[in-house]
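This one's a predicted model, so the numbers in the text were calculated from it and none came from an experiment. What you see below is based on every heavy atom in this structure, not just the backbone, and it leaves out hydrogens, waters and symmetry mates. Read the numbers this way: they start at 1 and go in the same order the structure lists the ligands and their atoms.
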Amino acid sequence: MKNLDKYKGIIPAFYACYDEAGNISGERVQELATYYLNKGVKGLYVGGSSGECIYQTVEERQEVLENVMKAVGGKMTIIAHVAAPSTRDSIILAKHAESLGVDALAAIPPIYFGLPEFAIKDYWVSMMEATNLDFIIYNIPQTTGYALSIELLKEMMAYDQVIGVKNSSMPVQDIYLFKRHAGKDIVVFNGPDEQFIAGRIMGADGGIGGTYGVMPELFIAANNAIENGELELAKNLQIKIDDIIFKMLSAKGNLYDVMKAILKKRGINIGSVRQPLPKITIEDRLIVEESYHMIQDALNYIETV
Ligand SMILES: CC(=O)N[C@H](C=O)[C@@H](O)[C@H](O)[C@H](O)CO
Ligand SMILES: CC(=O)C(=O)O
């Protein structure tokens with residue numbers, strides 16, 4: 001039996017860290033990773049959507065992971081998202097991640113072409129079998145166009161290395177269905193940050209989220225509230241979180257650039273986003289300001305409860 005406890009908790013999806021010219025900044029990667037270590041999160045999910053992985057080369061993705069491991073390797077759980085457009089590059093990334101000593105691999109289904117399920121399976125199994133690492137399926141139908149079926153879930157779960165699903169589909173019932181049909185004990189990570197509490201109640205063991213990184217304290221507090229059975233508090237925190245997310249999403253610029261601007265106000269500079277992600281506009285500055293203050297208010301609130 002595998003010990004899955006190291007995956008249970010709050011795992012921010014790590015943001016891409018660039019210098020002022022838009023190149024990967026190893027120094028900023030290390031600074032951000034250390035910032036999260038000090039916040040007390042369970043681990044980091046590196047190189048996913050939030051890591052802008054699809055806009056980075058294989059070498060850049062390797063550089064990011066190397067710097068994360070240099071800063072916090074061995075001190076928290078590290079999940080490396082290694083899916084690349086081709087199976088070939090995904091295998092290169094998977095082997096590299098294993099050589100650095102990460103805890104697990106994760107992967108979305110193949111992007112762009114809508115491939116049949118046997119090809120999706122082959123893609124996942126190829127990168128997984130190139131290593132001995134734990135493997136996490138990343139289900140995010142909104143961006144990939146493929147929703148994990150129970151049939152493919154069962155086929156994947158037959159592999160000992162497959163230990164869970166990061167589920168970003170909106171129906172909370174999917175969390176329960178994946179657990180129900182896995183045929184073994186698995187970890188399910190809640191994806192949509194806006195319903196973290198609901199996901200936890202329906203059986204998610206924790207979460208991996210794109211907005212955790214800008215307000216990790218709030219998700220840690222919400223997770224603790226669930227663990228302590230304090231449902232009213234959990235709900236209050238979720239509502240504060242949702243108001244902040246909705247405010248951030250009201251910007252014209254991309255959510256990740258909004259969050260990077262907020263992080264800058266919180267003392268961490270990791271540059272901007274890589275195009276085609278739109279940068280925040282002058283008008284968005286007000287939204288950044290307001291979101292930042294909403295986070296500060298929520299942080300004050302958790303001090304009082
Ligand atoms: C579709 C998408 O990107 N989902 C992310 C990962 O699951 C979430 O963490 C969102 O970024 C978050 O819920 C804000 O909408
Ligand atoms: C949001 C998330 O989980 C990702 O960056 O992939």
Side-chain angles (χ1 to χ4, degrees), residues 7 9-17 29 32-33 36 41-56 61 64-65 68 77-84 90 93 104-109 111 136-148 164-172 174-175 178 187-200 204-216 218-219 222-223 237-251 253-260 262-263 270 273-274 277 287 291 294-295:
Y7 299 112
I10 294 302
I11 303 190
F14 199 73
Y15 305 130
C17 301
V29 167
L32 185 63
Y36 293 136
V41 301
K42 190 78 183 180
L44 294 174
Y45 179 83
V46 184
S49 333
S50 307
E52 301 174 39
C53 71
I54 58 163
Y55 305 131
Q56 294 175 358
R61 292 175 65 175
V64 171
L65 194 59
V68 168
T77 301
I78 303 294
I79 302 170
H81 177 263
V82 295
S90 309
L93 287 169
L105 302 177
I108 51 170
I111 55 167
I136 296 158
I137 297 169
Y138 188 175
N139 184 45
I140 180 160
Q142 308 92 302
T143 56
T144 63
Y146 170 74
L148 180 64
V165 180
K166 186 230 188 242
N167 188 55
S168 293
S169 71
M170 295 310 283
V172 176
D174 286 352
I175 292 168
F178 294 155
V187 178
V188 176
F189 300 91
N190 183 77
D193 304 350
E194 297 85 340
Q195 49 196 46
F196 172 74
I197 289 301
R200 284 288 271 114
D205 303 279
I208 296 172
T211 67
Y212 297 3
V214 78
M215 45 183 164
L218 301 182
F219 282 96
N223 196 52
L237 288 167
Q238 181 73 68
I239 287 169
K240 288 185 189 299
I241 286 169
D242 284 19
D243 285 343
I244 294 163
I245 295 177
F246 298 148
K247 173 61 74 179
M248 295 194 299
L249 284 171
S250 69
N254 185 264
L255 172 65
Y256 297 126
D257 206 28
V258 174
M259 295 193 291
K260 287 177 186 194
I262 295 171
L263 266 181
I270 55 170
V273 288
R274 189 169 275 186
L277 295 178
I287 290 170
S291 310
M294 289 166 82
I295 292 171

Give the atoms of ligand 2, by number and element, whose distance to some non-hydrogen atom of [X] is under 4.0 Å.
X: S50; answer: 1 (C), 2 (C), 4 (C), 5 (O)
X: G210; answer: 1 (C)
X: Y45; answer: 4 (C), 6 (O)
X: I208; answer: 3 (O)
X: A13; answer: 1 (C), 2 (C), 3 (O), 4 (C), 5 (O)
X: G48; answer: 5 (O), 6 (O)

Looking only at heavy atoms, what is the nearest atom pair of [X] and [Y], with distance?
X: I208; Y: Y212; value: N-OH, 3.5 Å
X: V41; Y: L44; value: CG2-CD2, 4.4 Å
X: I197; Y: Q238; value: N-OE1, 2.8 Å
X: F196; Y: G207; value: CE1-N, 4.0 Å
X: G213; Y: L263; value: O-CD2, 3.7 Å
X: S169; Y: P192; value: O-CG, 3.5 Å

For the atom pair [atom1] ([X]) and [atom2] ([Y]), what is the distance rounded to the nearest 0.5 Å?
X: M248; Y: I262; atom1: CE; atom2: CD1; answer: 5.5 Å
X: L237; Y: D242; atom1: CG; atom2: CG; answer: 11.0 Å
X: M215; Y: I241; atom1: CE; atom2: CD1; answer: 6.0 Å

Within ligand 1, which atoms have a heavy atom of [X] less than 4.0 Å away?
X: Q142; value: 1 (C)
X: G191; value: 6 (C), 7 (O), 8 (C), 9 (O)
X: T211; value: 14 (C)
X: S168; value: 6 (C), 7 (O)
X: G210; value: 9 (O)
X: Y138; value: 6 (C), 7 (O)
X: K166; value: 6 (C), 7 (O)
X: G209; value: 9 (O)

ask   = With a 4.0 Å cut-off on heavy atoms, does P192 reach ligand 1?
value =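 Per 4.0 Å heavy-atom rule, P192 contacts ligand 1.
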Would you find a donor on one side and an acceptor on the other, under 3.5 Å apart, between the side chain of [X] and the backbone of [Y]?
X: Q142; Y: S168; answer: yes
X: D205; Y: V188; answer: yes
X: R61; Y: H81; answer: yes
X: Y15; Y: E52; answer: no

Next on the checklist: For the 3.5 Å polar cut-off, considering only N or O atoms, please tell me whether S49 and ligand 1 meet it.
Outcome noted: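 Such a contact does not occur with ligand 1.
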- Y256-ligand 1 polar pair, N/O distance under 3.5 Å: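 Among all N and O atoms of Y256, none is under 3.5 Å from an N or O of ligand 1.
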Is it true that K166 lies under 4.0 Å from ligand 2, counting heavy atoms only?
->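 Contact present.
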Q.
Looking at ligand 2, would Y138 count as a contact under a 4.0 Å heavy-atom criterion?
A.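 Yes, Y138 has heavy atoms under 4.0 Å from ligand 2.
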ask   = Do V64 and V46 touch side chain to side chain, with heavy atoms closer than 4.5 Å?
value =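 In contact.
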* Which protein non-hydrogen atom lies closest to atom 14 (C) of ligand 1, naming both residue and atom, and how far is it? ->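 Here the nearest protein heavy atom works out to E194 OE2, 3.3 Å.
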Tell me: protein heavy atom nearest atom 10 (C) of ligand 1, and distance?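 Atom 10 (C) of ligand 1 sits closest to the protein heavy atom D193 OD2, 4.2 Å.
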_Does only the side chain of Y45 get under 4.0 Å from ligand 1, or the backbone, or both, or neither? Count heavy atoms._
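Answer for Y45: neither.
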- [ ] Mind checking whether T143 contacts ligand 1 via backbone (N, CA, C, O), side chain (CB onward), both or neither, at a 4.0 Å heavy-atom cut-off?
- [x]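 Near ligand 1, T143 shows nothing, with every heavy atom at 4.0 Å or more.
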Between L249 and E194, does the side-chain contact (heavy atoms from CB on, under 4.5 Å) criterion hold? Intermediate values first, please. CA-CA 12 Å; L249 284 171; E194 297 85 340; 4.2 Å; yes
Test of proximity, S49 against ligand 2: N or O pairs below 3.5 Å
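Right, the criterion is met.
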- Task: Report the member of N190, N139, L255, I140 with the shortest heavy-atom distance to atom 1 (C) of ligand 1.
- Result: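 Closest candidate by heavy-atom distance is I140.
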